[in-house]
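Here the structure is laid out as structure tokens; the discussion comes afterwards.
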Amino acid sequence: MLLLLFLRPNLMFCFYPVYSNSLLDYLVNSRWEEERYTDGSKWKFLEHKGPVFAPPYEPLPSQVKFFYDGKHMKLRPEAEEVATFFAKMLDHEYTSKDIFRKNFFKDWRKEMSAEEKTKLTDLKKCDFTEMSDYFKAQSEARKAMSKDAKLKIKEENERLLQLYGFCIMDNHRERIANFRIEPPGLFRGRGDHPKMGMLKRRIRPKDIIVNCSKDSKHPEPPPGTKWKEVRHDNKVTWLVSWTENIQGSIKYIMLNPSSRIKGEKDWQKYETARQLKKCVDRIRTQYREDWKSKEMRIRQRAVALYFIDKLALRAGNEKEEGETADTVGCCSLRVEHIKLYPENDGQEFVVEFDFLGKDSIRYYNKVPVEKRVFKNLQLFMENKDTDDDLFDRLNTSVLNKHLQELMDGLTAKVFRTYNASITLQQQLKQLTSAEENLPAKILSYNRANRAVAILCNHQRAPPKTFEKSMQNLQLRLTCVFEYFLTSKADAKVRRDEKSKKKKAVERTEEQLMKLEVQATDREENKQIALGTSKLNYLDPRISVAWCKKWSIPVEKIYNKTQREKFAWAIDMAEDDFEF
DNA sequence: GATTGGACTTAGAACAGATTGG
DNA sequence: CCAATCTGTTCTAAGTCCAATC
């Protein structure tokens, strides 16, 4: 264990209550104290090499032509670069959308010379196909490169990673998440984004704020350039920031999830959720009581909180109209987003939700609710238009202030974390049975995970080749099944050499079961994305404990990256961990 | 209280690399 | 061994929440 600690010193922070060895305790505790700042500092020492910039634009070879109104036209590099952004997206349906085209053309014209501007007045007359074909050919060529050439690129990437991909934070070499600056291109929002197609400009050293400690070796800007600023703010965790031009928001370079600073925060998040577990009954009793309040704002608050708790809705901050896609969360629900049915399919007091949430993912759900909730909703909707706020006396800041009073550190999103994690734990308990073999246990795990993903509405577009790949799988299944039947019959007939035959049959049977499980899992997972809940909502200690309890290698549940992110939990959780 | 800016987490899609089965 | 497919990784947009400012 000591060896492990020395090999992975940045894990020590989380060990403190677990081990009794006094030397370890000393090491761990002192390290813990050393790392835990009480003044809001995030680090004492921070050194890094700065960001890697996007490669400069390389003008197209002269044989790749752009045509306007059927006539060849040579563009200046500035305008040509923006044109290539569009050309690269030609196959995407984005480029057929009006808003996208309008925004693109407006921004493209800004990069044109006066002459180009007068000539190019209609996007419909622009022919980008040669450019598009050229890029397709390039990408084919890249795929067809020799092994040697591919290796060279890989080595160069590795060199860049070693040089720029790590930083030193408080005596630890930590992996940086995104050390490459986002290259210029066309903004692709999600859903109906009013800014889709706008030009995302190239980021240069003069846009960059570097954050590092005073006593570190400061990163050098590329020759002949200067940083916008070098600051030494140890109250934040980012290494580099810049302001993007689409929304005017700040972007950051931060550390990888495997880093101490992220792991510690993650652990803290789940500890807060476990705190909620202790007082959630009290809170539920209270909001049910508040449904009867004489104050409208309190009733609204209580109904909203009920939705957040029961349906794992997001908080729902206000958004600036026209700046982003029209999406909502709980507090920003509008009258048009719900329908009330006093009776529906034999159930009483049914609420139908239909709205676009984060990333414009549709939330559709029909849920029976308590009569009081139903009556309250009717009241909230009285004399309102469809586009009026459902909870007009409520916003996230009011709600979170209330929650803060109920429990230290409680905010709306803690309910999502809590309900996700408690659901996983409960589902695992319910679904796992001792008799099952390994693949079946994994299926049970995935089903528990799926229950959470459904709760949190984590959807994905069904994979393009889903139907086909499903058919293939079925086909293989049938083949193996037939083989299984014949070989079984065969084994029965020829009793003498039974051990050999029997084993073969067993192996086929095992393979068959594996395929069956795989088919079931895939079918059930068609439109569900498991990754997000696994990575962000499920206390990893629940999964680790489950693995230990059933002697399942943790690698079956978490891949390498996930194991790195959850290293703290893997080393901390025993088989009896209770969320 | 309302508004804004800032820092951080959460999100699905696109892409790249690894695996697999014919 | 090679193409098809699957899996893991990268990308960056889009949320949450808090604090500063008015």
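Letters A, B, ... are given to chains in the order of the sequence lines, protein chains preceding strands, and every chain is numbered from 1.
No contact: A:Ala177 has no heavy atom under 4.0 Å from any strand. Among the atoms of the strands shown, only primed sugar atoms or phosphate atoms (P, OP1, OP2) are found under 4.0 Å from some heavy atom of A:Asn400. Note on A:Arg142: nothing from the nucleic acid sits closer than 4.0 angstrom, heavy atoms only. Residue-level contact check: A:Gly531 touches neither bases nor backbone, having no heavy atom under 4.0 Å from any strand. A:Pro257 comes within 4.0 angstrom of nothing in the nucleic acid, heavy atoms only. Residue contacts for A:Arg190: at a heavy-atom cut-off of 4.0 Å it reaches a base atom on one of the strands shown. Backbone-only engagement by A:Thr237 is indicated by non-hydrogen atom pairs under 4.0 Å involving sugar-phosphate atoms exclusively. The residue A:Lys200 sits close only to the backbone: its heavy atoms come under 4.0 Å of sugar-phosphate atoms, none of a base. Residue contacts shown for A:Lys413 are limited to sugar-phosphate atoms, with no base heavy atom under 4.0 Å away. As judged by a 4.0 angstrom heavy-atom cut-off over every strand, A:Gln562 is placed among residues making no nucleic acid contact.
Judged by closest nucleotide on DNA chain B, A:Tyr252 is the one of A:Tyr252 and A:Asn457 placed further toward the 5' end. Nearer to the 5' terminus of DNA chain C, by closest-nucleotide assignment, is the contact made by A:Lys560 (compared with the other of A:Gln404 and A:Lys560). Both A:Glu318 and A:Lys269 lie close to DNA chain B; mapped to their nearest nucleotides by heavy-atom distance, the more 5′-ward contact belongs to A:Glu318.
The nearest whole Å value for the distance from the CD atom in A:Glu182 to the P atom in B:dC15 is 15 Å. Whole-Å rounding puts the A:Tyr363 OH to C:dG15 P distance at 16 Å. Put simply, CE on A:Met196 is 18 Å from P on C:dT12, counting in whole angstrom units. Between A:Tyr94 atom OH and B:dA13 atom P the separation is 10 Å, expressed in whole Å.
Contact check, A:His193 against C:dA13: no side-chain N or O comes under 4.0 Å of OP1 or OP2.
Between the side chains of A:Ser360 and A:Asp192, no donor-acceptor pair is found at a separation under 3.5 Å. Side-chain polar atoms of A:Glu244 and A:Ser249 form a donor-acceptor pair below 3.5 angstrom.
Between the base of B:dT10 and the side chain of A:Lys358 there is a donor-acceptor pair shorter than 3.5 Å.
For A:Pro184 against A:Ala54, the heavy-atom pair with the smallest separation is CD-CB, 4.1 Å.
Between A:Lys269 and A:Asp266 there is a salt bridge, since at least one side-chain N of the basic residue sits less than 4.0 Å from a carboxylate O of the acidic one.
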